[in-house]
Amino acid sequence: MKGLFLTLEGIDGAGKSSHIDALEALFKAEGRQVTRTREPGGTPIAEILRTMILEQPMDPLTESLLVFAARRDHVVRVIEPALARGDVVLCDRFTDATFAYQGAGRGFDPAVLSMLEQWVQGGGRSAGPEALLQPDVTLWFDLAPELAAERLAGARLPDKFESQPVEFFRQVAAGYAQRAAGTSRFLRIDASQSRDQVWQQVEAALAGRGLVASRIGRAS
Ligand code: TMP
């Protein structure tokens, strides 16, 4: 069976991570092996880098280099082997987050990010665009930054990104919208709805792409 690379994206507070358990169960019910992972992170080295990235102030180039260093280790050790086995890889964030947070949020040069992407997910400078590892499908949990800030307020102790002002998240949200406009792999989920309604949208979006069996007519 062919591997499926599925990522979850959205600004902090959009609620994407709360659907990962259900996504895993959904694909397992379809008889698939599932690898669950996240970025930054997913390997021992990448988890150490995650702590640095989320806790230490640093300039945007350092941050981008660390994010892509963590990603390289993660791609080579976890994502590519899982896809080669035919697994469904459920990855909480991937490179779209780098373009949204470091690119749009921090204002870092997207051309440099594209170069790093080519090195980390492709075969380096000389490889063609077909060599680039990209998600097959990206669930984009879209939520107004003001609503996300309300949801985050009073939650756990905020990390370096979560404690950014709402204006930062406006830019990040615009970055996601721009990424989504350029590709058909994004499935937009209206994350302002209740958790149950959001999950129904997720199931319907995946069924609409033929990635899971349609739930229409099935008892829930
Ligand atoms: P999480 O809270 O969804 O696990 O994400 C961790 C934080 O890291 C989140 O605020 C977004 C940020 N991040 C980046 O800034 N760049 C990246 O490339 C990734 C993957 C995450």
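Atoms within a ligand are numbered from 1 in the order they appear, just like the ligands themselves.
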Identity of the nearest option to atom 6 (C) of ligand 1, non-hydrogen atoms only, from E63, R50, K16: R50
Salt bridge (Lys or Arg N to Asp or Glu O under 4.0 Å) partner of K16, chosen from D142, D96, D92: D92
Flag, side chain of D136 to backbone of F5, donor-acceptor distance under 3.5 Å: yes
Identity and separation of the nearest protein heavy atom to atom 7 (C) of ligand 1: L54 CD2, 3.6 Å
Note: K160-E63 ion pair, threshold 4.0 Å (strictly below): yes
Under 4.0 Å to a heavy atom of F161 - the qualifying atoms of ligand 1, by number: 8 (O), 10 (O), 12 (C), 15 (O)
Within-cut-off N or O pair, T98 and ligand 1, under 3.5 Å: yes
Under 3.5 Å: donor-acceptor pair, side chain of Q201, backbone of D190: yes
Nearest non-hydrogen protein atom, atom 21 (C) of ligand 1: P40 CD, 3.6 Å
Close-contact set for ligand 1 against D12 heavy atoms, below 4.0 Å: 2 (O), 9 (C), 10 (O)
Under 3.5 Å donor-acceptor, T138 side chain and W140 backbone: no
R36 backbone acceptor or donor facing E24 side chain under 3.5 Å: no
Atoms in ligand 1 flagged as close to R71, the criterion being non-hydrogen separation under 4.0 Å: 18 (O), 20 (C)
Shortest heavy-atom approach to atom 1 (P) of ligand 1 - which of Q102, R93, E39: R93
Nearest-contact summary for atom 19 (C) of ligand 1 - protein heavy atom, Å: A97 CB, 3.6 Å
Expected output: side-chain S18 to main-chain G15 donor-acceptor under 3.5 Å: yes
